[in-house]
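All chains are named by letter (A, B, ...) in the order of the sequence lines, taking the proteins before the strands, and each is independently numbered beginning at 1.
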There are 2 protein chains.
Amino acid sequence: MPVPKGSTIDPERTRAAILEAATAVLYERGLDGVGVAELCALIGVSKETLYRHFGTKDGLVEAMLRARSERVTRWLAEASAAAGDDPRDQLAAVFDALREWYQDPVFRGCAMLNAAAQHHVEPVRAITARHLDRYLDLLTGIAERAGAADPPLLGRQLLMLVEGATVVAAHHGTAGTGEQARQAALALLSAASRDGGGD
Amino acid sequence: MPVPKGSTIDPERTRAAILEAATAVLYERGLDGVGVAELCALIGVSKETLYRHFGTKDGLVEAMLRARSERVTRWLAEASAAAGDDPRDQLAAVFDALREWYQDPVFRGCAMLNAAAQHHVEPVRAITARHLDRYLDLLTGIAERAGAADPPLLGRQLLMLVEGATVVAAHHGTAGTGEQARQAALALLSAASRDGGGD
DNA sequence: CGGAGATCGAACCGATCGGTACGATCTCGA
DNA sequence: TCGAGATCGTACCGATCGGTTCGATCTCCG
């Protein structure tokens with residue numbers, strides 16, 4: 001029971017607890033795979049409380065996607081930064097982090113992409129697009145520091161690789177996916193640096 | 001009105017017409033984005049007829065996904081085969097075909113991946129996994145004929161690139177995506193052939 | 001101690017959903 | 001011409017959904 005009853009009545013803490021618990025359930029079962037009533041029962045909160053904090057099921061979904069996008073992006077950025085100054089190591093660290101994620105038993109693909117495939121509504125699509133933007137920024141930065149001939153191009157190609165690896169890991173098996181993607185990413189980086197931009 | 005009323009009462013033709021019309025609607029609106037009643041109204045068929053042919057909405061969905069997976073895979077394979085004997089041209093042709101698809105106004109990503117993100121049920125997941133298998137076969141074949149050092153590895157990396165490009169095109173904009181993916185694929189092919197497998 | 005507000009639990013609402021039933025209509029083949 | 005069967009249109013069913021309301025309870029703070 002993640003939300004400890006009335007306990008200390010701190011609305012902000014309640015909201016955060018709902019968000020965290022709901023994220024896990026909705027990610028595992030799908031946005032439409034669990035109704036509000038069951039969701040409230042699972043996370044131990046009344047419907048009135050949930051609706052006062054988020055107004056709508058869609059409101060909860062959007063808040064959850066926003067928080068998750070920021071969290072996972074920050075996680076990848078930190079993994080990259082912790083790898084040192086060599087852009088090549090930074091890129092490898094990104095895919096090592098992804099590989100770790102793929103092996104998590106609760107891994108079910110990118111929550112933002114899954115959500116966009118279910119809710120065709122505009123806010124969700126915008127959050128998903130922004131999520132890909134965050135990834136693109138991270139990857140393009142690596143491409144720039146690596147001296148790629150065309151950093152925006154390489155950034156977008158790496159974005160495809162990241163998202164493709166996630167999709168393949170989710171729907172075709174996680175075995176080796178992270179490592180294979182890592183090798184491909186480094187190969188692309190090498191080719192992009194060698195072909196014309198070794199300044 | 002795709003289903004021409006009672007017309008010639010040919011059950012097989014009716015079934016095929018339902019399948020084709022329903023595919024377009026369900027792909028555009030999402031599997032849960034349109035109910036059976038509205039779906040029947042849109043494609044001009046009664047609920048009884050639809051249920052006699054497919055038994056269940058899920059039955060219709062599965063039949064539609066199976067047909068679509070075969071159709072799109074055959075389309076890619078033919079585009080590849082039509083490019084001649086050079087594996088490099090064949091790979092480029094695959095991504096040219098994808099680029100064409102991305103520019104279609106009704107393009108909304110891979111129907112099988114979208115479906116798997118919505119219906120967590122087993123049959124849909126199996127169809128999606130099999131769909132990726134088909135793609136993998138096509139790409140691994142190209143990798144083999146190109147003399148890659150490790151064709152299964154390159155095949156899977158190309159699979160990630162195909163799916164990643166489709167995801168990015170669907171959720172981050174189609175501009176340039178096909179061409180960028182094509183360049184990346186050819187770069188991977190070159191690297192895989194040069195690195196250790198120039199047979 | 002007392003009031004404000006957060007929370008609970010359960011009842012309740014209208015809408016929609018997937019699926020069924022039925023009588024009428026149409027086409028085709030014997 | 002007549003019967004079998006495919007189809008239509010509509011009404012209907014039970015279940016579930018998202019969302020609201022309300023009285024009771026609890027915690028905090030003055």
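Dashed line: the shortest gap from a side-chain N or O of B:T56 to OP1 or OP2 of C:dG18 is not under 4.0 Å. Between A:H53 and the phosphate of C:dT7, there is a side-chain N or O to OP1/OP2 separation shorter than 4.0 Å. Residue A:T49 places at least one side-chain N or O closer than 4.0 Å to OP1 or OP2 of C:dC8.
Here the C1' atom of nucleotide D:dG18 and the CG atom of A:D58 are 10 Å apart, to the nearest Å. Between A:L50 atom CG and D:dC17 atom C1' there is a gap of 14 Å when expressed in whole angstrom units. Atom-to-atom, NE2 of A:H119 to P of D:dC17 comes out at 13 Å; the value is rounded to the nearest Å. Summarising the geometry, the separation between CG on B:L26 and P on C:dG18 is reported as 10 Å, rounded to the nearest angstrom. For the pair A:D32 CG and D:dA15 P, the computed distance is 21 Å after rounding to whole Å. Atom CG of A:L39 is separated from atom P of D:dC17 by 11 Å (rounded to the nearest Å). Atom pair A:F54:CZ and C:dA6:C1' shows a separation of 15 Å (rounding to whole Å applied). Distance B:E48 CD to C:dG18 P: 18 Å, rounded to the nearest Å.
Each of D:dT7, C:dT7, C:dT20 was ranked by its minimum atom distance to the side chain of A:T14; first place goes to C:dT7. Closest contact between the side chain of A:Y51 and the listed nucleotides D:dG18, C:dT20, C:dG9 involves D:dG18. When each of C:dG18, C:dT7, D:dA6 is scored by its nearest atom to the side-chain atoms of B:K57, the top-ranked nucleotide is C:dG18.
On a pure distance criterion of 3.5 Å, a polar donor-acceptor pair joins the side chain of B:K47 and the base of C:dG19.
For the pair B:R68 and B:Y27, the cation-pi test (distance below 6.0 Å, angle within 45°) is passed.
Between A:A37 and B:R52, the residue anchored closer to the 5' end of DNA chain D is B:R52, taking for each the nucleotide with the nearest heavy atom.
A distance-only check finds no donor-acceptor pair linking the side chain of A:T56 to the backbone of A:G59 [under 3.5 Å].
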Please assess B:Q180 against A:M160 for the test side-chain contact (heavy atoms from CB on, under 4.5 Å), listing each intermediate value before the final yes or no. CA-CA 9 Å; B:Q180 295 159 358; A:M160 296 178 204; 3.6 Å; yes
When you look at B:H172 and A:L136, which way does the side-chain contact (heavy atoms from CB on, under 4.5 Å) test go after all the steps? CA-CA 10 Å; B:H172 196 251; A:L136 183 60; 3.7 Å; yes
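The aromatic rings of A:F107 and A:Y102 sit tilted relative to each other, their planes meeting at an angle between 30° and 60°.
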